[in-house]
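Chain identifiers are assigned alphabetically (A, B, ...) following the order of the sequence lines, protein sequences preceding nucleic acid strands; residue numbering begins at 1 within each chain.
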Amino acid sequence: MDTQLAKSYSPTESEQKWYVNWINENYFAPRDGAGVYSILMPPPNVTGILHFGHILNNTLQDLYIRRNRMKGASSVWFPGLDHAGIATQTKVEQDLRKEGKTRHDLGREEFLKRVWEWKDKYGGVILKQLRTLGASPDWDRTLFTMDESASNAVREVFIRLFDEDLIYRGKRIVNWSPLAQSAVSDEEVIFKEMKEYMYFLRYYIEGMDSYMVVATARPETLFGDVAVAVNPKDTRYTALIGKKVRVPLSDRMVPIIADDYADPEFGTGCVKITPAHDPNDYQVGLRHNLEAINTINPDATLNELAGDFKGLDRFEARKQMVELLKERLLIENIQDYTHNVGYSERGGEPIEPYLSDQWFVKMAPLAEPALKVVQDGEIKFYPEHWTKTYEHWMTNIRDWCISRQLWWGHRIPVYYADNGEFTAAHNEEEARKKLGLNENAVLKQDEDVLDTWFSSWLWPMTTMGWLADGKEEVTEELQKYLPTNLLVTGPDIIFFWVARMIMATLKFKQQIPFKDVYFTSTVRDGKGRKMSKSLGNSPDPLDVIAKYGADAVRFTMIYLAPLGQDVRMEVNEKDQDVPAMDLGRNFANKIWNAGRFLLMKRREAVSVDGETDLYETPLSKEQMTAADKWILSRFHSTIRDVDNALENYKVTEYSKLLYDFIWKDFCDWYLEIMKAQMNESGDIAYRQQLSRFALDIYDGILKLLHPVMPFITEELWHAVEDRDVNESISVSDAPEANEENIDRKVEENFENLQLIVDEIRRLRSSANIPPSEKLPVVMLGEDIDALNVLHFQKNTISSLGRCSTLEIGGKAERPVQALSSVVRGVEIFVSLAGKIDIEKERARLLKEVSRLENLIGSTEKKLSNEGFTSKAPEQVITAEREKLASMKDSLLKTQENLASLK
RNA sequence: GGGCGAUUAGCUCAGUUGGUCUAGAGCGCCUGCCUUACAAGCAGGAUGUCGGGAGUUCAAGUCUCUCAUCGCCCACCA
C-alpha cells in the first residue's frame, strides 16, 4: 500500500506501467470460468491510423470484454488486421512513384515483395495505438487477412462456391475505377450531386433532311452508340421506328428502336443507346441483340474508335467534342443539368461504367437464410432500426463483383486452359484433373485478385482457425466461441461486412456469427461535420490521450455516445484540442481524490493504536447509521441499474449512473457525512470499521468503473489496499447486486434529510453566509416520528448544514430574527440575529406563497375533475391528495412565518 | 423517388412501458467560498410556449396524424 497519493492523478505513467503488467501477466488471454464470451474486432486496415471512430468503437468492445472477464466468463477478444487491397496497393504505388517507377516496372512478384516489406515496416501501427487506449484483446491471436491460414480458407471457399455454381464469370458493366484500373463493388461507389450540362444532339435521319434530338449528359460516349431508343407508346416517333440515324461526328448509321426504357417525359423522349458505357443501355442492348462497342480505355482515355479524340481523357474529350459539335451545328441546345455522379470511394475520381469480364457471387441463395436469422431475432441489432435497412438490402440484393484488377490480394484460384475452358482449383495439378487434361497441359492462372471483403466475410471463422490448413473444419475455438456474443461496428459497413459475415457463416458453418450487433455512432465535430483529416477537424487521439489520459478519453466518449445517435464533440482546430474531455479528466480526478481521502481516513483510524485486526469485523446493521444504510442501498441499486443498462447496450446510461453515484451520492454526501461520523466517535474500533465499510464500497466502485476506466481503477485498487503487483482488478470479481441491501424506505428517509440540509444551505446562501460562519438552527413540526428521525441524525445535519447549535422540536421555540422555510411539514429556522434583511426575506416568502398558491390551485382543479378521480389509478390520486395536503400545510406555515417577520 | 433518424436551457445531450415531470445533467453564465480529499473543487442561483399544428386520453416531452427544418442510407432517367 502506498502511504500517500499525489494531489492529482497523472495518467501517463500509470497507463504505461499497468499495460505492460497486464501483458506480462497475460490477463487478456481467456481464463477458465463460468460461461464464455467473445468479440471479433473489426480488423482495421493495415494502412490505418487511429481516429476518434476507432476510439469509440474499441472502447465499447473493451468495455464489454473487460466486464465479462470480471464476471468470470472465459473471454476472448479476437484482434486482427485487414490487408485492404486497394488502399494498401495505392500507398505502395505512391512510394514507388517517388522513385519514378510504377508497379509494372517491378513486375508482379517484385511488387508484392515491396508490399509485404511495407506491411512489415509500417503496417499495423493502429494495433500498437490501440494499446495506448488500453484495449485488451488477446494479442496472441492476431490474424492478418493475408496470413497463410486465412488465405487457405479464402481459396477453399472460392472453390466450393465455384463448384456449387454460386460463383460465376461474366461480362458485365461494372463500376470501374480508372485510377486503380480495377473494378470496384457497388458499395465502393459514392454518389455526389454534380452540376453539369445536358446536351441535346442532332441525329440526322437516313434519307431525310430532318433529325432527331437526343439528350445526353455524356456526349463523349457517342462513338459507342448502337441505337436510338424511343418509347413504343410515344406517338411522336412511331413513324420513325425501324429507320436509321447517323451518329454525330461519325459515319455510322444506327437503328431507331422501340423500348420501354425510353421515357417520353424525359428530355426529348429519345435516348441514345451505348451498351458498353451505361448499365441501363447494356440491358437494352441485350434485349435488342445490339453490339456493345467499347470506346474507352481502362485509364478512361478514349480509344481508337474515337478517331481524332483518341487518347484524350474522357472529360477533355467531352469538351473538345462539344466544341466540334457546336461548330458543325449538331447541338440543338445545352441546358444546366444537376444529377448524381458516382465517385470511387478510394481514389475519389468519377467511376466509369465499364464493360468487362468479372467474377461474381450469386447472392440471392445466401441472402435468404441471412435475412431470416435477423428477422427472427436470432441476431439482434442495436439500435434495432438498422434491421430495416438490412432487410431492404437483403431483399433487393444484387450479385457481388469480387474480382479486382489489382496485385495485392488473394489471387483468384482459377486456371484457364488453351481451349478457353477453366475451373477453380487448389493448384494446377488439381485443375488439370478437373478439366480432364493431361499433366503436360499448359494452364494460366487468373490474373485478378479478390475483393478485400472476400476475406473479411470469413472473419468469424478464420479468426478461430477454420480451414487454416484448407481442411480443418472444426477447431476448439470454433466450438467454444462461435457464435460470438457481440460485434461492434459502424453502420456504414452493414452491407460490406456485417451482412456478408452472416451469409458466409450460415453457409459454411450453419451458425450465426454473432448474437448482438452494436452499431456505433458517427463521431462529428461541433458543427456536425464528420471528423476527417482533410477538414482538419480530427485531432490525433494519441495527442488527446496524452493530454487528458486514456481513461478520461474513454469515459468521455462513452458518456457522450448514446446508442443510435451521432456524437458531437467540439473541436478546437487551432490547438487540435477536444475540450469535452474535461468531463472525463475531472471525473478521474474526483475518483482519485476520493481514494486519497479514504486512504487518509484509514491511516488516521489505524494510527491510533495500530490495531488493524479490528477491520475484520464488519459494521453490523445495528451499528449502521441511516447514512450508512443509505449509501449501501444506493450502491446496490446502482450495481443493479448498471447491469441492466449494459445488458441493453445503454452505455451512456451506465456511465451516467456511475458518474452520478460516485460524484453526488458517494463524494458529495456520503464522504461528507463520514467525516462527521468519524469525528463524533471516539471508539477506535468503530472508526476502523467505518473506514473499512467505506473502502469496501469504494472497492466496488472501482470494479464497476474498471471496464471503462481500466488504468486509474487499477492504480487505485493497488493504492488503497495492500495488494501484490501481479494481482489485477481486471480479473477480480465484478460486484453483484444484493437485493437485501436495497431498501426503498431507507433511501426515502435519507432523501428527506437531503432536502432539509439543502434548505438550510439555501437559506444561508440567500443571505450570503460563508461556510466558515456557523449559525443556530431550529426545526419544528407536528410529526413526532419525522422529528425523531431527524433527531437521530442531528450531528450529521448539523455538520452538513454548518449549524452552531441545532434544536429539533420539543421545547425549542421559534426564533425571532430568522430565515424560515418549510420542507415536508418541518419548519426550518436559521437564526440571523441582527443581520437579517427583512425586506429581502419578506419578498422571498411572498414569492414562495404565490408559488404554493398556484400549485394548490392546479392540484385542486385536477382533483375536482371527475374524469380524473374516476379513471386515474388509485395510487396516482392518493399521491395527488397527499401532495395537496402537504402544500397546504407549507402554505399555512409560510404565511405564519411571513406574519411574524419583524 | 424510397427508407431511417433527429428537433427538449446559450451549447452538447438524458428523459424505459403516457401519471412522483413543479422537465434533468454536463459545459457556459451569475453569487458566495482556499469549509481539515479534490479550485480539475465546494455551496447556492438564473435560463425551457419539450420544432409548429391537430388528434387520442381524466392525464402527452412521452402515443397517432400532419407540416417544417436538419442529418444519414438506398436507388438513380439518358
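Remark: Trp663(A) is in phosphate contact with C42(B), judged by side-chain N or O atoms under 4.0 Å from OP1 or OP2. Within the 4.0 Å cut-off from OP1 or OP2 of A43(B), not a single side-chain nitrogen or oxygen of Arg764(A) is found. Between Lys590(A) and C42(B) there is a side-chain N or O to OP1 or OP2 distance below 4.0 Å.
With hydrogens and angles left out, the side chain of Glu672(A) and the base of A37(B) share a donor-acceptor pair within 3.5 Å.
The CE-P distance, from Met600(A) to A37(B), rounds to 4 Å in whole Å. Going from atom CD1 of Ile797(A) over to atom C1' of A43(B) covers 17 Å, rounded to whole Å. Arg802(A) has its CZ atom 10 Å from the C1' atom of U36(B), to the nearest Å. The CD atom of Glu747(A) sits 19 Å away from the P atom of U20(B) (whole-angstrom rounding).
Among residue pairs with one or both ends in residues 660-680 of chain A, those qualifying as ring pair (Phe, Tyr, Trp, His ring centres under 6.0 Å) are Tyr659(A)-Trp663(A); sequence neighbours excluded. Pairs of residues two or more places apart, or lying in two chains, that qualify as salt bridge (Lys or Arg N to Asp or Glu O under 4.0 Å) and include a residue from residues 262-279 of chain A are Asp225(A)-Lys272(A).
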inquiry  = I'd like to compare against my own output: the B/S/- annotation of nucleotides 70-78 of chain B with a strict under-4.0 Å heavy-atom distance to protein.
reply    = --S-SBBBB
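When heavy atoms are screened at a 4.0 angstrom cut-off, Lys862(A) is found touching no nucleic acid atom at all. Residue contacts shown for Arg585(A) include a base, since a base heavy atom lies under 4.0 Å away. Across all strands shown, Asn589(A) has heavy atoms under 4.0 Å from base atoms, whether or not it also approaches the sugar-phosphate.
When each of Asn679(A) and Glu866(A) is assigned the nucleotide of RNA chain B bearing its nearest heavy atom, the one mapping closer to the 5' terminus is Asn679(A).
The number of heavy-atom neighbours closer than 6.0 Å to CD of Gln335(A), taken from other residues, nucleotides and ligands shown, is above 12.
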message = With salt bridge (Lys or Arg N to Asp or Glu O under 4.0 Å) as the criterion, how do Glu841(A) and Arg844(A) come out once you've worked through the C-alpha distance, each side chain's angles and the decisive distance to 0.1 Å?
response = CA-CA 5 Å; Glu841(A) 178 64 359; Arg844(A) 199 179 63 79; 3.0 Å; yes
request  = Starting from the C-alpha separation in whole Å, work towards a yes-or-no answer on salt bridge (Lys or Arg N to Asp or Glu O under 4.0 Å) for Lys656(A) and Glu653(A).
outcome  = CA-CA 5 Å; Lys656(A) 284 191 164 76; Glu653(A) 196 176 313; over 6 Å; no
request  = For Asp643(A) and Arg640(A), run salt bridge (Lys or Arg N to Asp or Glu O under 4.0 Å): C-alpha distance rounded to whole Å, both residues' side-chain angles, the deciding distance at 0.1 Å, then the answer.
outcome  = CA-CA 5 Å; Asp643(A) 282 346; Arg640(A) 185 194 53 199; over 6 Å; no
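In RNA chain B, consecutive stretches of 3 or more Watson-Crick or G-U wobble pairs with both distances under 3.5 Å are given as paired ranges: B:1-7 with B:68-74, B:10-13 with B:24-27, B:29-33 with B:41-45, B:51-55 with B:63-67.
Ion pairing of Glu352(A) with Arg218(A) is present here, as a side-chain N (NZ or NE/NH1/NH2) and a carboxylate O approach within less than 4.0 Å. Of the charged side-chain nitrogens involved, none lies within less than 4.0 Å of a carboxylate oxygen, so that Glu882(A) and Arg824(A) do not count as a salt-bridged pair.
Between the side chains of Ser185(A) and Glu188(A), a donor-acceptor pair is found at a separation under 3.5 Å. In this structure, a donor-acceptor pair under 3.5 Å is present between the side chains of Tyr548(A) and Asp577(A). Checking Glu759(A) against Ser821(A) by side-chain atom types alone, a donor-acceptor pair falls below 3.5 Å.
Taking Tyr390(A) as the reference, Phe381(A) meet the ring-ring contact (aromatic ring centres under 6.0 Å, His included) condition, with sequence neighbours excluded.
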Protein N or O to nucleotides 24-29 of chain B N or O, pairs below 3.5 Å:
| residue | atom | partner | partner atom | Å |
| --- | --- | --- | --- | --- |
| G26(B) | OP1 | Lys664(A) | NZ | 3.3 |

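When the C1' atom is used for both A6(B) and U12(B), the distance is 14 Å, rounded to whole Å.
Side chain of Arg596(A), nearest nucleotide from C38(B), G19(B), U22(B): C38(B).
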